[in-house]
Amino acid sequence: MKENLQNKANLVTEIKDKLSKAKTVVFVDYKGINVVDDTKLRSEFRKNNDDYKVYKNRLMLRALNELGYTGFDSYLEGTTAFAFGYEDEVSAAKVVTETAKTNKNLVVKCGIMNGKFMDKAEVEKLGNLPNKETLIAQLLCVLNGPARNLACTLKAVVDKEQA
């Protein structure tokens with residue numbers, strides 16, 4: 001019995017470590033997902049250097065409470081898996097959201113981003129954002145627009161004077 005308690009304590013420590021490192025954690029109901037789809041899902045998470053784990057709800061709740069997170073009791077009922085996003089805030093939510101579009105057995109419950117609670121709608125909004133590289137490219141395009149317009153205008157004035 002003592003060994004079982006030690007194993008549970010080790011798991012709680014592992015969960016707390018993952019929660020502390022993760023920028024985003026997505027809580028997912030996976031009831032009814034088959035092995036093939038689950039394997040594909042885990043593979044997508046590995047490609048993004050994210051983690052997808054199933055822990056007992058009680059152990060996750062204990063880890064959350066020990067880290068100061070409260071109010072997750074109602075979300076930790078039934079089958080729950082956890083997607084930990086380490087690289088950026090969007091990757092874990094994006095994988096879950098994209099997979100949920102094609103697999104109706106995968107349902108977002110809630111999430112945590114940078115220590116703040118996110119409901120299902122917020123997680124889905126986050127998952128529908130473009131990836132980091134696309135967002136940077138869009139920002140650079142917007143920032144470059146006025147300078148390009150000014151250069152074109154100045155060139156048009158020079159071309160007009162020369163003609």
Side-chain angles (χ1 to χ4, degrees), residues 1-139 141:
M1 187 68 171
K2 191 173 187 178
E3 183 178 329
N4 189 28
L5 287 175
Q6 184 59 44
N7 289 340
K8 288 180 180 180
N10 291 341
L11 276 174
V12 169
T13 303
E14 176 184 319
I15 295 168
K16 285 172 33 180
D17 183 52
K18 287 180 182 291
L19 287 168
S20 298
K21 290 179 183 176
K23 293 183 179 185
T24 307
V25 182
V26 180
F27 295 58
V28 181
D29 184 347
Y30 66 95
K31 186 176 185 174
I33 193 169
N34 62 36
V35 174
V36 173
D37 290 338
D38 188 59
T39 303
K40 285 182 198 174
L41 184 62
R42 289 176 189 274
S43 173
E44 285 298 313
F45 282 115
R46 278 192 295 273
K47 285 180 190 175
N48 293 314
N49 294 322
D50 295 334
D51 206 1
Y52 178 76
K53 291 286 224 177
V54 176
Y55 292 109
K56 289 186 175 184
N57 290 336
R58 280 271 171 231
L59 298 178
M60 177 57 84
L61 186 61
R62 173 170 278 166
L64 287 166
N65 289 337
E66 287 181 13
L67 290 174
Y69 296 106
T70 57
F72 286 92
D73 300 30
S74 62
Y75 296 101
L76 292 172
E77 294 177 359
T79 55
T80 310
F82 308 94
F84 299 91
Y86 301 112
E87 298 279 322
D88 63 31
E89 287 81 359
V90 178
S91 62
K94 186 170 224 34
V95 171
V96 170
T97 304
E98 291 297 318
T99 305
K101 287 177 184 175
T102 59
N103 189 334
K104 300 303 176 195
N105 291 325
L106 196 69
V107 179
V108 174
K109 289 185 172 185
C110 67
I112 302 171
M113 182 174 71
N114 295 327
K116 305 289 185 219
F117 172 81
M118 295 187 304
D119 64 12
K120 178 181 178 175
E122 291 172 317
V123 172
E124 289 173 346
K125 282 182 191 175
L126 185 66
N128 289 322
L129 284 175
N131 64 19
K132 187 176 182 178
E133 291 78 20
T134 304
L135 289 173
I136 290 171
Q138 289 174 347
L139 175 64
C141 191

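- A donor-acceptor pair under 3.5 Å links the side-chain atoms of Lys94 to the main chain of Leu129, judged by distance alone.
- Without hydrogens or angle criteria, Asn48 side chain to Ala92 main chain gives no donor-acceptor distance under 3.5 Å.
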Chi angles and distances behind the side-chain contact (heavy atoms from CB on, under 4.5 Å) call for Tyr55, Glu14:
CA-CA 10 Å; Tyr55 292 109; Glu14 176 184 319; 2.5 Å; yes
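- Under the 30°/60° scheme for interplanar angles, the aromatic rings of Tyr86 and Phe84 are found to lie parallel.
- Counting only heavy atoms from C-beta outward, the side chains of Tyr52 and Asp38 approach each other to under 4.5 Å.
- Remark: the backbone N or O of Lys16 is paired with a side-chain donor or acceptor of Ser20 at under 3.5 angstrom.
- Taking the six-membered ring where the residue is Trp, Phe27 and Phe72 present parallel rings, their angle staying beneath 30° rather than reaching 60°.
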Give the C-alpha distance, both sets of side-chain angles, the deciding distance and a yes or no for side chain to side chain donor-acceptor pair (under 3.5 Å) between Gln6 and Asn10.
CA-CA 6 Å; Gln6 184 59 44; Asn10 291 341; 3.0 Å; yes
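- Between the CG atom of Asp29 and the CD atom of Glu77 there is a distance of 11.0 Å, given to the nearest 0.5 Å.
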Check against side-chain contact (heavy atoms from CB on, under 4.5 Å), Met118 and Thr24:
CA-CA 10 Å; Met118 295 187 304; Thr24 307; 4.2 Å; yes
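- Not less than 6.0 angstrom separates the ring centroid of Phe117 from the ring centroid of Tyr69.
- Distance alone, capped at 3.5 Å, is enough to place a donor-acceptor pair between the Glu122 side chain and the Asp119 backbone.
- Atom CZ of Arg42 is surrounded by more than 12 heavy atoms from other residues, nucleotides or ligands within 6.0 Å.
- Contact of the Lys120 side chain with the Val107 side chain is registered, since non-hydrogen atoms from C-beta on lie closer than 4.5 Å.
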What verdict does the side-chain contact (heavy atoms from CB on, under 4.5 Å) test give for Leu19 and Met60, after you've listed the backbone C-alpha separation in whole Å, the side-chain angles of each residue and the deciding distance to 0.1 Å?
CA-CA 10 Å; Leu19 287 168; Met60 177 57 84; 4.1 Å; yes
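- A donor-acceptor pair under 3.5 Å is formed between the side chain of Asn65 and the backbone N or O of Leu61.
- Side chains of Glu124 and Asn128: no donor on one and acceptor on the other come within 3.5 Å.
- With values rounded to the nearest 0.5 angstrom, Leu64 atom CG is found 5.0 Å from Ile112 atom CD1.
- Under the 3.5 Å distance criterion, the side-chain polar atoms of Lys56 are left unmatched by any main-chain donor or acceptor of Lys8.
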Please report the C-alpha distance between Glu44 and Lys40 in whole Å, then the side-chain angles of each, then the deciding distance to 0.1 Å, and finally whether the side-chain contact (heavy atoms from CB on, under 4.5 Å) criterion is met.
CA-CA 6 Å; Glu44 285 298 313; Lys40 285 182 198 174; 5.8 Å; no
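- Side-chain contact between Leu41 and Tyr30: absent, with no pair of heavy atoms (C-beta onward) separated by less than 4.5 Å.
- Side chain of Lys31 to main chain of Thr79: no donor-acceptor pair is present (N/O by atom type, distance under 3.5 Å, no hydrogens or angles).
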